[in-house]
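In what follows, a single structure is set out as structure tokens and then discussed.
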Number of protein chains: 2
Amino acid sequence: MKIEILTRTENQEIQNEIISKIRDLMNYKNLEPGDKLPSERMLSEKFSVSRSNVREAIQKLEFYGLLVSKPQSGTFVADIGQVAMNGMIEDILRLKEPDFKSLVETRILLELKAVRLAAQRRTEQDLIQMKKALEAYSEKAKNGEDAVQEDLLFHLAIAKASGNSTMNTFMLIITPEIITKFEEHHVCDKGLAFMGIQEHQDIYDAIEVQDPQLAKEKMKVHFKTLYQYCYNI
Amino acid sequence: MKIEILTRTENQEIQNEIISKIRDLMNYKNLEPGDKLPSERMLSEKFSVSRSNVREAIQKLEFYGLLVSKPQSGTFVADIGQVAMNGMIEDILRLKEPDFKSLVETRILLELKAVRLAAQRRTEQDLIQMKKALEAYSEKAKNGEDAVQEDLLFHLAIAKASGNSTMNTFMLIITPEIITKFEEHHVCDKGLAFMGIQEHQDIYDAIEVQDPQLAKEKMKVHFKTLYQYCYNI
DNA sequence: CAGACCAATCTGGTTAACCAGTTATAATTA
DNA sequence: TAATTATAACTGGTTAACCAGATTGGTCTG
């Protein structure tokens with residue numbers, strides 16, 4: 001059989017096509033929660049695609065919690081009904097690549113909440129880690145060096161201290177994309193780093209004394225100086 | 001070679017082991033952004049694991065934006081520095097499975113923001129979709145039927161109308177897990193659905209007249225009745 | 001006739017072989 | 001000798017073959 005090398009977007013497209021065919025099949029066969037999907041081999045034949053393509057599509061639907069694969073047994077429809085299934089697949093198919101604006105918007109939202117939770121829940125262990133990240137940042141920023149990475153680690157330490165694993169995961173997902181975009185647009189070159197030292201210290205202090213409201217305010221200040229140059233991105 | 005069937009968690013563990021070995025390798029070889037990782041075959045031999053395991057680990061790091069694979073060329077270190085790389089990998093390795101409490105906490109946070117954005121940015125198209133979901137919900141709830149799915153679709157329609165693709169994605173990720181947990185604990189059996197009709201209508205109306213503050217308040221009311229039975233989960 | 005048992009089949013997961021660009025190296029030429 | 005071309009090795013992606021547990025249908029036994 002002929003092998004073709006596909007670009008990322010081409011691969012995405014045929015994967016979406018398979019997902020939509022799986023949806024049609026589930027509707028046609030009137031599959032309900034717990035029912036078994038046809039085997040991967042059968043699907044690959046029916047759709048005239050490779051089995052690995054089918055596997056990828058199934059794994060994506062598994063990631064969103066719509067299917068469950070059991071080894072040596074089969075792939076099963078998850079415990080959400082047909083209406084929700086159709087709606088969610090529709091949304092997944094229409095999902096766009098996240099733009100920078102939406103990333104920043106979501107980051108601010110998550111961090112303002114995370115810092116409040118961190119102020120309430122931080123353990124001594126959390127404080128130690130945050131202080132460590134804070135000092136690494138200060139050290140670099142004082143010497144005028146680029147400290148984007150150390151900045152990032154301080155913020156991730158806060159997310160961890162929030163005690164909310166879901167928010168922690170989401171922060172991990174969006175952070176590298178933001179960093180990349182930042183460096184593309186040279187956001188952090190303009191001597192912002194030095195101002196950041198005091199702002200970080202303020203945030204840390206508020207978390208240490210467990211003052212959620214103050215911590216949130218200080219984080220807001222930090223973001224204001226960070227993103228005031230970003231309007232034209 | 002002997003083939004072993006692994007459980008999900010066992011697989012997760014050896015994957016984390018590989019990730020930590022990759023991190024050690026990057027540190028030892030002092031790899032910088034843009035540098036090429038050893039080939040998948042070489043890594044699988046060096047770590048004494050299968051190539052597919054290595055591929056999975058790499059794909060996970062790719063998901064978090066730490067590596068970039070280029071077909072017929074190699075896998076490269078992403079454009080974030082060594083310090084950030086180490087910190088992020090550390091976080092990824094320590095990442096826990098999200099608990100129900102953190103899921104709900106994050107859902108409320110995301111939806112309260114999404115509904116405000118939706119009130120500001122909703123298009124006519126968005127209104128149509130939300131109204132459709134709303135009517136489907138009312139229809140079922142009036143008859144006393146279970147309407148968890150229709151409820152979910154209404155909330156996802158709001159997330160879409162927020163115009164923030166990142167938040168939309170995150171909502172899609174957490175929603176099915178919440179639904180499953182809900183049905184496990186029979187949260188929605190107690191005649192909540194009927195009250196929900198008016199609450200949904202209020203939210204819709206606020207979005208239609210583009211009043212962000214009101215929309216947020218109405219969403220808060222909705223969540224209050226929803227989650228008042230959840231404290232003991 | 002009902003229930004236990006067994007073999008053939010089917011399943012997702014795993015491994016190995018293969019493909020076609022990419023890249024590094026060596027041979028060639030101006 | 002330096003630039004250029006040709007060739008061989010290497011790479012991630014793809015396909016096909018294989019594995020062992022799960023399932024199923026029929027058979028045998030009580």
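Note that the coordinates shown come from a computational prediction; the quantities given were computed from them, not determined experimentally. So you know, we letter chains A, B, ... as the sequences are listed, proteins then strands, and number each from 1.
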*Any ion pair linking A:Arg23 and A:Glu90 (charged N to carboxylate O, less than 4.0 Å)?*
yes
*Decide yes or no on side-chain hydrogen bond (donor to acceptor under 3.5 Å, both in side chains) for A:Ser44 and A:Asn53, but give the supporting numbers first.*
CA-CA 8 Å; A:Ser44 75; A:Asn53 284 136; over 6 Å; no
How long is the line joining [atom1] of [X] and [atom2] of [N], in whole Å?
X: B:Asn11; N: C:dG13; atom1: CG; atom2: C1'; result: 10 Å
X: B:Glu40; N: C:dA17; atom1: CD; atom2: P; result: 17 Å
X: B:Lys70; N: D:dC10; atom1: NZ; atom2: C1'; result: 17 Å
X: A:Gln59; N: C:dG12; atom1: CD; atom2: P; result: 12 Å

*Nearest-nucleotide wise, let me know which of A:Phe76 and B:Gly74 is further upstream toward the 5' end of DNA chain D.*
B:Gly74
Just to confirm, is there a sub-4.0 Å distance from OP1 or OP2 of [N] to any side-chain nitrogen or oxygen of [X]?
X: A:Arg51; N: D:dT15; value: no
X: B:Arg55; N: D:dG12; value: no
X: B:Ser50; N: C:dT14; value: no
X: B:Thr75; N: D:dT11; value: no
X: A:Ser73; N: C:dC10; value: no

*Is there a side-chain contact between B:Glu105 and A:Thr166 (heavy atoms, below 4.5 Å)?*
no
*Is any side-chain heavy atom of B:Ile18 less than 4.5 Å from a side-chain heavy atom of B:Arg55?*
no
*Can you tell me if NZ on A:Lys101 sees more than 12 non-hydrogen neighbours from other groups inside 6.0 Å?*
no
_Residue A:Gln72, side-chain atoms from C-beta onward, closest of D:dT11, D:dG21, D:dG13_ = D:dG21
*Quick one: salt bridge (Lys or Arg N to Asp or Glu O under 4.0 Å) pairs with a partner in residues 60-74 of chain B, sequence neighbours left out?*
A:Arg8-B:Glu62
*Could you identify which residues of residues 41-49 of chain B place a heavy atom less than 4.0 Å from some atom of DNA chain D, listed by residue number, or say none?*
B:Arg41, B:Met42
_Reading DNA chain C from 5' onward, which residue's closest nucleotide shows up sooner: B:Lys36 or B:Glu56?_
B:Glu56
*Got a sec, which residues hit side-chain contact (heavy atoms from CB on, under 4.5 Å) with A:Ala159, two or more places apart in sequence or on another chain?*
A:Asn168, A:Met171
_Using a heavy-atom cut-off of 4.0 Å across all strands, would you classify B:Ser52 as base, sugar-phosphate, or nothing?_
base
